[in-house]
Student: 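Would you mind keeping the following structure in view while I ask a few things?
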Amino acid sequence: MNFKLPKLPVSVLIPARNEEANLPACLESVARADEVFMVDSQSSDRSIEIAERHGAKVVQFQFNGRWPKKKNWSLENLPFRHEWVLIVDCDERIPPELWDEIETAIQQSDCDGYYLNRKVFFLGQWIRHGGKYPDWNLRLFRHAKGRYENLKTEEIRNTGDNEVHEHVILPGKVGYLKQDMLHIDFKDLYHWLERHNRYSNWEAQVYLNRLNGKDERGTIGANLFGTAVQRKRFLKNIWVRLPFKPLLRFVLFYIIRLGFLDGKAGYIYGRLLSQYEYQIGVKLYELRQCGGTLNTAKNQSPEATSQPVAQTDS
């Protein structure tokens, strides 16, 4: 006899684009929620069909290249049926024991949001070391009160239409759930590298903003004595000024934070993070020296920029 658990008064928000490989497992893991929205960016694969088959409401998002991006737009515009929203990426899973904890948490009236801890899996293995765990993300909150920060990166191209590394600003009291969510991407390394190529564009602009002392109003802020996320932001402001960051990132991940204990997967992950840091660095250089393009007129030789002179017969 199958016992079906009652639906929980939670609205799930899943941002998506061409995620047919990840969506089935993701949607099955959020089946305890009473309402599921998939906010799609014109997928050309079977994502919409899969979402509708699992009972999700599909909404199309048309990005105009400016603010807001997908998650904030969804928080502002979707007709959520419930007070609590849970934001889940397509490559994430909500295990049953976490749902049990969520059921208890939303019945408490003293918190407006909860941080969830993620287990990141890479090449079939949990990356437990290297600073990848714990990995706290504010994903469950009263949707009327929380919005993603604006890190002022709209001017940089090819970063995607979704908030990835931005954090939720929530004025009220927050708590921390004990059970983990799972980050398991069913795509291959090609897509991992493709995704981080976009991310490095975004990171380069964030680095530039921090180096230029850009106003942090509208963000979670950097605070050595604040939350775990604010402490990480404080250290990032120091990090962007250090030399040899690709090497330092590998040493920090693989040696100092014991990434070598995760075996071959840990070594590969550390090397890829070092490469990612190098991409950020060269794109930052491109932003500062060439205005965000590979070549600009001021860097070209006079011969390359001079216009041909029309010749006339005498």
Side-chain angles (χ1 to χ4, degrees), residues 7 10-82 85-95 116 118 120-124 137 139-140 143 146-148 150-151 153-154 156-168 181-203 276:
K7 299 283 188 178
V10 174
S11 296
V12 171
L13 166 60
I14 302 175
R17 183 177 184 275
N18 292 336
E19 289 283 357
E20 65 179 6
N22 285 313
L23 269 172
C26 176
L27 289 163
E28 287 165 11
S29 80
V30 299
R32 289 215 25 210
D34 181 60
E35 180 178 55
V36 178
F37 282 98
M38 186 186 85
V39 182
D40 183 60
S41 299
Q42 298 79 57
S43 289
S44 57
D45 64 0
R46 296 173 53 249
S47 293
I48 297 174
E49 172 193 339
I50 292 169
E52 290 177 341
R53 190 169 69 239
H54 282 81
K57 303 174 184 178
V58 178
V59 177
Q60 288 297 325
F61 172 63
Q62 301 285 342
F63 187 45
N64 63 3
R66 306 295 295 176
W67 187 262
K69 288 191 173 183
K70 190 184 296 183
K71 291 176 185 174
N72 258 5
W73 179 89
S74 300
L75 290 169
E76 289 286 349
N77 292 282
L78 293 185
F80 294 117
R81 191 157 60 221
H82 300 290
V85 65
L86 174 65
I87 298 181
V88 183
D89 290 336
C90 293
D91 53 9
E92 294 171 340
R93 320 282 179 257
I94 308 298
L116 275 61
R118 291 197 311 176
V120 175
F121 288 79
F122 182 74
L123 294 177
N137 292 266
R139 297 295 193 84
L140 176 66
H143 70 81
R147 294 293 182 271
Y148 280 84
N150 182 357
L151 293 178
T153 58
E154 297 95 326
I156 190 76
R157 299 183 299 276
N158 302 317
T159 61
D161 65 355
N162 189 31
E163 299 90 341
V164 177
H165 300 296
E166 291 91 341
H167 294 281
V168 173
M181 68 189 302
L182 309 179
H183 183 283
I184 308 174
D185 192 349
F186 290 157
K187 293 183 179 180
D188 54 23
L189 278 172
Y190 172 89
H191 289 94
W192 192 97
L193 292 167
E194 179 186 49
R195 187 166 66 245
H196 282 76
N197 187 29
R198 295 198 311 273
Y199 294 171
S200 60
N201 282 6
W202 182 90
E203 292 271 18
Y276 176 56

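Model, not experiment: these values are computed from the prediction.
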Student: Please list, chain by chain and in numerical order, all residues satisfying salt bridge (charged side-chain N to carboxylate O under 4.0 Å, His left out) with Lys7, sequence neighbours excluded.
Tutor: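 So Lys7 forms no salt bridge (charged side-chain N to carboxylate O under 4.0 Å, His left out) with any residue.
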
Student: Using the test side chain to side chain contact (heavy atoms under 4.5 Å, CB included), find all partners of Asn64 that sit at least two apart in sequence or belong to another chain.
Tutor: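 In terms of side chain to side chain contact (heavy atoms under 4.5 Å, CB included), with neighbours along the sequence ignored, Asn64 is linked to Arg66.
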
Student: Would you call Ser11 and Leu86 a side-chain contact if the rule is heavy atoms closer than 4.5 Å?
Tutor: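 No; the side chains remain at least 4.5 Å from each other.
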
Student: Between Asp89 (side chain only) and Asp91 (backbone N and O only), is there a donor and an acceptor less than 3.5 Å apart?
Tutor: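 Judged by distance alone, no pair lies under 3.5 Å.
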
Student: State whether the side chain of Arg93 and the backbone N or O of Leu182 hold a donor-acceptor pair below 3.5 Å, judged by distance alone.
Tutor: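 Looks like no, no N/O pair under 3.5 Å.
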
Student: Is there a side-chain contact (heavy atoms from CB on, under 4.5 Å) between Val30 and Val10 once you walk through the steps?
Tutor: CA-CA 10 Å; Val30 299; Val10 174; over 6 Å; no

Student: How many angstroms lie between CD in Glu166 and CG in Asn72, if you round to the nearest 0.5 Å?
Tutor: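 The distance works out to 8.5 Å.
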
Student: Using a 4.5 Å cut-off on heavy atoms from C-beta on, say whether the side chain of Leu78 contacts that of Val39.
Tutor: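 With C-beta onward as the side chain, the pair touches.
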
Student: Which residues pass the side chain to side chain contact (heavy atoms under 4.5 Å, CB included) test with Gln60, sequence neighbours left out?
Tutor: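 Gln60 satisfies side chain to side chain contact (heavy atoms under 4.5 Å, CB included) with Asp40, Gln42, Ile48, Val58 once adjacent residues are dropped.
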
Student: Rounded to the nearest 0.5 Å, what's the gap from CG on Leu13 to CD1 on Ile87? Could you check?
Tutor: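 Interatomic distance, Leu13 CG to Ile87 CD1, rounded to 0.5 Å: 5.0 Å.
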
Student: Could you measure the distance from the CG atom of Asn162 to the OG atom of Ser74? Nearest 0.5 Å is fine.
Tutor: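 So the CG of Asn162 and the OG of Ser74 are separated by 8.5 Å.
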
Student: Show me the pairs that pass salt bridge (Lys or Arg N to Asp or Glu O under 4.0 Å) and involve residues 52-61, at least two apart or across chains.
Tutor: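 Passing the test, one end in residues 52-61: Glu35-Lys57, Glu49-Arg53.
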
Student: List in chain and number order the residues that pass salt bridge (charged side-chain N to carboxylate O under 4.0 Å, His left out) with Lys69, two or more places apart in sequence or in another chain; answer none if no residue qualifies.
Tutor: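 Applying salt bridge (charged side-chain N to carboxylate O under 4.0 Å, His left out) to Lys69 gives none.
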
Student: Using modelled atom types and a 3.5 Å cut-off, is there a donor and acceptor pairing between side-chain atoms of Asn22 and backbone atoms of Phe186?
Tutor: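 Answer holds: yes.
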
Student: Got a sec, which residues hit side chain to side chain contact (heavy atoms under 4.5 Å, CB included) with His143, two or more places apart in sequence or on another chain?
Tutor: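 His143 satisfies side chain to side chain contact (heavy atoms under 4.5 Å, CB included) with Leu75, Phe80, Val85 only.
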
Student: Are Phe122 and Trp192 close enough, and set up right, to give a side-chain contact (heavy atoms from CB on, under 4.5 Å), and what steps lead you there?
Tutor: CA-CA 10 Å; Phe122 182 74; Trp192 192 97; 4.1 Å; yes

Student: For Arg139 and Val168, what are the C-alpha separation, side-chain angles and deciding distance, and is it a side-chain contact (heavy atoms from CB on, under 4.5 Å)?
Tutor: CA-CA 8 Å; Arg139 297 295 193 84; Val168 173; over 6 Å; no

Student: Examine the side chains of Glu194 and Asn197 and answer whether a donor and an acceptor come within less than 3.5 Å of each other.
Tutor: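 No, no side-chain donor-acceptor pair sits under 3.5 Å.
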
Student: How many angstroms lie between atom CG of Asp185 and atom SG of Cys90, to the nearest 0.5 angstrom?
Tutor: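 Going from the CG atom of Asp185 to the SG atom of Cys90 covers 9.5 Å.
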
Student: Sequence neighbours excluded, which residues qualify as ring-ring contact (aromatic ring centres under 6.0 Å, His included) partners of His165?
Tutor: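 So His165 forms a ring-ring contact (aromatic ring centres under 6.0 Å, His included) with Tyr199, Trp202.
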
Student: Under the rule for side chain to side chain contact (heavy atoms under 4.5 Å, CB included), what residues qualify as partners of Asn18, not counting sequence neighbours?
Tutor: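 Once residues adjacent in sequence are excluded, the partners of Asn18 under the side chain to side chain contact (heavy atoms under 4.5 Å, CB included) criterion are Ser43, Ser44, Asp45.
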
Student: CD1/Ile184 to CZ/Phe121 distance, rounded to the nearest 0.5 angstrom?
Tutor: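 Reported to 0.5 Å precision, the distance equals 5.0 Å.
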
Student: With distance as the sole test, does Ser47 use its side chain to make a donor-acceptor pair with the main-chain N or O of Glu19 at under 3.5 Å?
Tutor: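 A pair under 3.5 Å: yes.
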
Student: Using the salt bridge (Lys or Arg N to Asp or Glu O under 4.0 Å) rule, collect all pairs that involve residues 22-34, keeping only residues at least two apart or in two chains.
Tutor: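 Passing the test, one end in residues 22-34: Arg32-Asp100, Arg32-Glu103, Asp34-Arg81.
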
Student: Side chain of His191, backbone of Lys187: donor and acceptor closer than 3.5 Å?
Tutor: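 No; judged by distance alone, with no hydrogens or angles, the pair does not exist.
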
Student: Any chance you could measure His196, atom NE2, to Tyr276, atom OH, to the nearest 0.5 Å?
Tutor: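 Answer rounded to 0.5 Å: 5.5 Å.
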
Student: Can you list every ring pair (Phe, Tyr, Trp, His ring centres under 6.0 Å) pair that touches residues 13-32, not counting sequence neighbours?
Tutor: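 For residues 13-32: none.
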
Student: In the structure I gave you, are the side-chain heavy atoms of Leu116 and Asn137 within less than 4.5 Å of one another anywhere?
Tutor: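 They are not in contact (no side-chain heavy atoms under 4.5 Å apart), so the answer is no.
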
Student: Go through it in stages, so that I can follow the logic: the residues are Phe37 and Val59, the test is side-chain contact (heavy atoms from CB on, under 4.5 Å), and I'd like the CA-CA distance, side-chain angles, deciding distance and then a yes or no.
Tutor: CA-CA 7 Å; Phe37 282 98; Val59 177; 4.0 Å; yes

Student: By salt bridge (charged side-chain N to carboxylate O under 4.0 Å, His left out), which residues pair with Arg118, not counting sequence neighbours?
Tutor: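 For Arg118 the salt bridge (charged side-chain N to carboxylate O under 4.0 Å, His left out) partners, ignoring immediate neighbours, are Glu92, Asp135.
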
Student: Among all residues two or more places apart in sequence or in another chain, which pass the salt bridge (charged side-chain N to carboxylate O under 4.0 Å, His left out) test with Asp161?
Tutor: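 Salt bridge (charged side-chain N to carboxylate O under 4.0 Å, His left out) list for Asp161, sorted by chain: Lys70.
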
